[in-house]
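One-based numbering, in listed order, for ligands and for the atoms of each.
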Amino acid sequence: AEQTYIMIKPDGVQRGLVGEIIARFEKRGFKLVALKLATPSKEHLEKHYADLSSKPFFPSLIKYMLSGPVVCMVWEGLDAVKTGRAMLGATNPLASAPGTIRGDYALQTGANVCHGSDSVENGQKEIQLWFPEGIAQYKLSSADWVYES
Ligand code: GTP
Ligand code: MG
């Protein structure tokens, strides 16, 4: 099944949105296969956002991501990458639809609460980067009711 790397950024943790964000993915029907609170190094965050290293906002992005602990998760299920991005909303929260995480809880791009993988391939890379220890494999009993038979 498809997996996506979802991360609650420092502002999301500090604002008490961890439970809310986890609940949305749980209720949607996705399976939680990895979860931890982490305080990543600058080098680790630069690797995570390596594709953006030439952007003018890169230093401020790294500073933002270093401002506190983050919550790292892997969610698994049908079309998890695309659906996860849809649940997060647009990069700029002012352009995010109400009902999305950013559209409900954020106002600015530099404080947009959460990260989600943008492709299956990048998702697998991010899962390796953030969970080198590996992730869980188990059957979620509710899957029989979430997915049509
Ligand atoms: P992520 O899920 O965090 O990867 O966001 P995204 O895929 O919606 O956007 P992108 O990968 O292009 O940018 C990564 C992050 O960099 C964004 O979520 C923002 O936090 C930050 N960012 C992107 N563009 C800007 C910008 O123009 N200004 C500032 N200050 N931050 C930006
Ligand atoms: Mg991105």
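Looking at Asp51 against ligand 1, nothing comes within 4.0 Å, counting heavy atoms. Looking at Glu126 against ligand 1, nothing comes within 4.0 Å, counting heavy atoms.
Of the protein's non-hydrogen atoms, Leu52 CD1, 3.8 Å is the one closest to atom 11 (O) of ligand 1. Given atom 5 (O) of ligand 1, the protein heavy atom at minimum distance is Arg102 NH2, 3.5 Å. In this structure, atom 4 (O) of ligand 1 lies nearest to the protein heavy atom His115 ND1, 3.0 Å. Looking only at heavy atoms of the protein, atom 17 (C) of ligand 1 is closest to Asn112 ND2, 3.6 Å. With hydrogens left out, the protein atom closest to atom 7 (O) of ligand 1 is Arg85 NH1, 2.6 Å, a heavy atom. At the shortest separation from atom 21 (C) of ligand 1 among protein heavy atoms lies Leu61 CD1, 3.8 Å.
Ring-plane geometry between His48 and His115 is classed as perpendicular, the angle between the planes exceeding 60 degrees on a 0 to 90 degree scale with a lower cut at 30.
Less than 4.0 angstrom separates some heavy atom of Thr109 from each of these atoms of ligand 1: 19 (C), 20 (O), 22 (N), 23 (C), 24 (N), 25 (C), 31 (N), 32 (C).
Geometrically, ligand 1 and Gly116 share a nitrogen or oxygen pair separated by less than 3.5 Å. Taking any N or O of Thr91, backbone or side chain, at least one lies under 3.5 Å from an N or O belonging to ligand 1.
Checking Tyr64 against Asp11 by side-chain atom types alone, a donor-acceptor pair falls below 3.5 Å. Glu20 and Tyr105 share a side-chain donor-acceptor pair at under 3.5 Å.
Surrounding NZ of Lys42 are at most 12 heavy atoms belonging to other residues, nucleotides or ligands under 6.0 Å away. In this structure, Lys139 places its NZ atom where more than 12 heavy-atom neighbours from other residues, nucleotides or ligands lie under 6.0 Å away.
Under a 4.0 angstrom heavy-atom cut-off, Met65 registers as lying outside contact with ligand 1. Asp118 does not count as a contact of ligand 1, since none of its heavy atoms falls under 4.0 Å from the ligand. Put simply, no part of Met7 is less than 4.0 Å from ligand 1, judged by heavy atoms. Using 4.0 Å as the threshold, Lys9 has a heavy atom nearer than that to some atom of ligand 1.
Proximity of Pro40 to Met65: side-chain heavy atoms (C-beta onward) are nowhere separated by under 4.5 Å. The shortest side-chain heavy-atom distance between Glu76 and Glu2 does not fall under the 4.5 Å cut-off. Contact check for Asn112 versus Thr91: side-chain heavy atoms found under the 4.5 Å cut-off.
Side chain of Thr83 to main chain of Asp79: a donor-acceptor pair is present (N/O by atom type, distance under 3.5 Å, no hydrogens or angles). Under the 3.5 Å distance criterion, the side-chain polar atoms of Arg85 are matched with a main-chain donor or acceptor of Gly116.
With distances taken over non-hydrogen atoms, the option nearest atom 31 (N) of ligand 1 out of Phe57, Phe58, Tyr49, Tyr5 is Phe57.
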